[in-house]
Amino acid sequence: MKEYKYKINGNTYKVGVGDIEGNIAQVEVNGVPYKVELAQEAAKNVKVVSAPKPAAAPRTATGEKVIAKPSAAGGSYSIKAPLPGVVLSIPVKVGDTVSASDTVLVLEAMKMENAIHAGRDGKVASISVNPGDSVLEGAVLISLE
């Protein structure tokens with residue numbers, strides 16, 4: 001039995017709450033036992049909504065999943081920004097032939113200059129940025145053929 005002390009209008013009451021069966025509670029107030037009927041609220045109209053399940057990925061006639069892939073121009077390779085920063089210089093121009101280890105762009109990020117290398121041999125097809133441009137991580141900087 002749990003016991004509590006209440007003070008109501010200056011009078012102190014020692015209340016003990018015993019077992020509760022259904023809506024009847026065994027209560028003792030200042031040593032006098034009582035059976036207290038607890039009021040039951042009317043059942044509220046509650047709708048249980050289940051979350052919809054995600055639909056399966058669409059499939060082709062052969063049963064393969066349909067996956068959207070970015071279209072790459074025939075044999076082109078994109079050099080992307082490895083981190084956000086500001087383009088300081090571009091030592092190559094459209095039409096130049098570069099090898100994999102050549103620096104094709106200098107990017108300032110976090111007060112440091114980062115040399116961006118071609119990553120593969122090829123010919124510069126296009127340059128998407130200019131010195132002074134701010135770029136985000138993953139932005140295409142230069143395309144090679």
Inset, instruction - Mind listing the closest non-hydrogen atom pair of Pro84 and Ala109 along with its distance? - result: O-CB, 3.3 Å
Inset, instruction - Would you give the length of the straight line joining atom NZ of Lys7 to atom OH of Tyr13, rounded to the nearest 0.5 angstrom? - result: 11.5 Å
Legend entry - Single-linkage hydrophobic cluster Val17~Val29, side-chain heavy atoms < 4.5 angstrom: yes
Legend entry - Nearest-0.5 Å distance, OG1 of residue Thr12 to NZ of residue Lys5: 8.0 Å
List, one per line, each side-chain donor-acceptor pair under 3.5 Å for residues 110-118, sequence neighbours excluded.
residue	atom	partner	partner atom	Å
Asn114	ND2	Leu107	O	3.3
Asn114	ND2	Met112	O	3.3
His117	ND1	Ser101	O	3.0

Legend entry - Atom pair CZ/CG of Arg120 and Asp102 - distance to nearest 0.5 Å: 14.5 Å
Inset, instruction - Could you state whether Val36 and Val32 fall into the same hydrophobic cluster, counting links through intermediate Ile, Leu, Val, Met, Phe, Trp or Tyr residues with side-chain heavy atoms under 4.5 angstrom apart? - result: yes
Inset, instruction - Might you work through the side-chain contact (heavy atoms from CB on, under 4.5 Å) test for Asp121 and Ser99, ending with a clear yes or no? - result: CA-CA 4 Å; Asp121 295 344; Ser99 64; 3.4 Å; yes
Legend entry - Distance in Å, Leu141 CG paired with Asp133 CG, rounded so as to fall on 0.5 Å steps: 10.0 Å
Legend entry - Check against side-chain contact (heavy atoms from CB on, under 4.5 Å), Val87 and Asn130: CA-CA 7 Å; Val87 177; Asn130 295 310; over 6 Å; no
Inset, instruction - Considering non-hydrogen atoms only, spot the tightest contact between Pro33 and Gly31 and give its length. - result: CD-O, 3.5 Å
Legend entry - Val135 and Val129: CA distance, side-chain angles, deciding distance, side-chain contact (heavy atoms from CB on, under 4.5 Å) verdict: CA-CA 8 Å; Val135 295; Val129 293; 3.8 Å; yes
Inset, instruction - Write down the atom of Glu145, the atom of Ala125, and the distance for their closest heavy-atom approach. - result: CG-CB, 3.3 Å
Inset, instruction - Kindly check if the number of other-residue, nucleotide or ligand heavy atoms within 6.0 Å of CG (Asn23) is above 12? - result: yes
Inset, instruction - Verify side-chain contact (heavy atoms from CB on, under 4.5 Å) between Leu144 and Val104, making sure each step is shown before the conclusion. - result: CA-CA 11 Å; Leu144 300 178; Val104 293; 5.6 Å; no
Legend entry - Euclidean distance, Ser128 OG relative to Ile142 CD1, rounded to 0.5 Å: 8.0 Å
Inset, instruction - Kindly check if the number of other-residue, nucleotide or ligand heavy atoms within 6.0 Å of CD1 (Ile8) is above 12? - result: yes
Inset, instruction - First locate atom OG1 of Thr97, then atom NZ of Lys123, and finally report the distance between them rounded to the nearest 0.5 Å. - result: 6.5 Å
Legend entry - Hphob cluster co-occupancy, Val86 + Leu136, side-chain heavy atoms under 4.5 angstrom: no
Legend entry - ILVMFWY cluster, Ile79 and Val106 together (side-chain gap under 4.5 Å): no
Legend entry - Side-chain touch Ile90/Val92, heavy atoms, less than 4.5 angstrom: yes
